[in-house]
Amino acid sequence: KDTALLTGYSGILGVIIGSIIFGYIKPYGELIDLIIGIAFIIVSIRMLYEGIFPGKQMAQPAPEIPGKPFSKNILGSVIGTLTGIIGLGGGYALVPSYIYFLKAPVKLAIGTSMAAFVWMALVGAIFKLVQGVVNIPVAIVLGIGALIGAIYGAKLVAKFKPNVLKALFGILFLYVSLKYILLYFGVHIWKTTFGKA
């Protein structure tokens, strides 16, 4: 609970800073896509490896994620700033950050990230609306779908082993990383795969 509050509140400040920065670097969107893709692919490879070849498993989730409040505030601020710049919800970075920087068990990291990133996403969405870079009908449909998915996903998480969850996150991050890297080169995975934008 404390971790979600600390990273959530500091993340809101980060989102505000990142959204302001975004206003200045919008013309360099393609380069940002490439940087995001490279960052994601590093995380995806590590999570896939640890998911497929699990080492020593962590003990049962503690009631709180390890780490000092200062570290959690810094982490929230950094992720919030990135969220404001690249427009992703924040949970994408919170889960691996909790796992690798704060040494949290996978399931606890997932649950805590859901409680923390919602505020970053909300503030970021408001800024993006003001900046005129939101397709409102699409955002509403995706938001409803994400809400339904989050409810059922939270129930499913408890049924999976930690290494399986890591592997699933690794696959997701790999897709996202390839998507952003290929965008830099003008290739759209969604169009190529499904035949539509």
Could you tell me whether the side chain of [Y] reaches within less than 4.5 Å of the side chain of [X], counting heavy atoms only?
X: Y9; Y: L5; answer: yes
X: T83; Y: F117; answer: no
X: S97; Y: F101; answer: yes

How far apart are the closest heavy atoms of [X] and [Y], and which atoms are they?
X: A4; Y: A116; result: O-CB, 3.6 Å
X: Y100; Y: E50; result: OH-OE1, 2.8 Å
X: M120; Y: I12; result: CG-N, 4.4 Å
X: K166; Y: G51; result: CB-CA, 4.1 Å
X: G18; Y: I85; result: O-CG1, 3.4 Å
X: S113; Y: V95; result: OG-CG2, 3.3 Å

Working to the nearest 0.5 angstrom, can you tell me the gap between [X] [atom1] and [Y] [atom2]?
X: L75; Y: S10; atom1: CG; atom2: OG; value: 7.5 Å
X: M47; Y: I171; atom1: CE; atom2: CD1; value: 11.5 Å
X: I17; Y: L82; atom1: CD1; atom2: CG; value: 11.5 Å
X: I20; Y: I25; atom1: CD1; atom2: CD1; value: 12.5 Å

Checklist entry - Does F160 offer a backbone N or O that forms a donor-acceptor pair with the side chain of K107 under 3.5 Å? => result yes
Checklist entry - Checking S19 side chain against I16 main chain: does a donor-acceptor pair fall under 3.5 Å? => result no
Using the rule that two of Ile, Leu, Val, Met, Phe, Trp, Tyr join whenever any of their side-chain heavy atoms come within less than 4.5 Å, decide whether [X] and [Y] are in one cluster.
X: F22; Y: V130; value: no
X: I38; Y: L48; value: yes
X: I41; Y: I35; value: no
X: L31; Y: V176; value: no
X: L129; Y: V141; value: no

Checklist entry - Of the options I65, V106, V43, L108, which is the one that meets I99 in a side chain to side chain contact (heavy atoms under 4.5 Å, CB included)? => result V106
Checklist entry - Does one side chain, of Y98 or T7, offer a donor that lies under 3.5 Å from an acceptor on the other? => result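 Yes, T7 and Y98 have a side-chain donor paired with an acceptor closer than 3.5 Å.
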Checklist entry - Should V15 and T81 be marked as a side chain to side chain contact (heavy atoms under 4.5 Å, CB included) after you check the CA-CA gap, both sets of side-chain angles, and the distance that decides it? => result CA-CA 5 Å; V15 168; T81 301; over 6 Å; no
